[in-house]
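Working notes, structure below.
Position 1 is the first residue of the sequence; numbering continues from there. No hydrogens, no waters, no symmetry mates; every other heavy atom, side chains included, goes into these values.
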Amino acid sequence: MAWMAWTLPTAIFFGVIACLLVTFTVLAIRFPETPRVGVLRIETTRGDRLFITLLGSAFINLIWLAFVGPTLWWALALCLVYAAAVFRWV
């Protein structure tokens, strides 16, 4: 059953997502926060901003693959800038 290429980058990707979820769960328990309103004019919490970041990063990488090619290092840098912007202003 080889429906997915389980390579080291794939394992790192899912490991990072798992670590983010655990970290944000611990943060929510230890340091509860009140939702804030950013540029989207909706109330968001840390978890909401994480979801927006992950969803936007997926689209950034898909668009990068479609128009630039399979070298994703610059797309990763763009995703990190996007994540910083989301957590700062959304």
Drop me the distance from [X]'s [atom1] to [Y]'s [atom2], to the nearest 0.5 angstrom.
X     : Y     : atom1 : atom2 : answer
Trp89 : Leu40 : CH2   : CG    : 13.0 Å
Leu78 : Leu72 : CG    : CG    : 11.0 Å
Thr71 : Trp64 : OG1   : CH2   : 9.0 Å
Leu80 : Ile60 : CG    : CD1   : 9.5 Å
Phe87 : Thr44 : CZ    : OG1   : 9.0 Å

Check whether any side-chain heavy atom of [X] lies under 4.5 Å from a side-chain heavy atom of [Y], and answer yes or no.
X     : Y     : result
Phe31 : Val26 : no
Leu54 : Ile17 : yes
Tyr82 : Ile52 : yes
Phe13 : Thr10 : no
Asn61 : Cys79 : yes
Ile42 : Val37 : no

Query raised in the report: With Leu20, which of Thr23, Val16, Val22 fulfils side chain to side chain contact (heavy atoms under 4.5 Å, CB included)?
Result: Val16
Query raised in the report: Trp73 and Val68: same hydrophobic cluster, using ILVMFWY side-chain contacts below 4.5 Å?
Result: no
Query raised in the report: Is Ile12 linked to Leu50 within one hydrophobic cluster, defined over Ile, Leu, Val, Met, Phe, Trp and Tyr using a side-chain heavy-atom separation of less than 4.5 Å?
Result: yes
Query - Side-chain ion pair, Arg49 and Glu43, N-O less than 4.0 Å - result: no
Query - Exam field: side chain Arg46 to backbone Leu27, donor-acceptor pair closer than 3.5 Å - result: yes
Query raised in the report: Which pair of non-hydrogen atoms, one from Thr45 and one from Asp48, has the smallest distance, and what is that distance?
Result: N-OD2, 3.0 Å
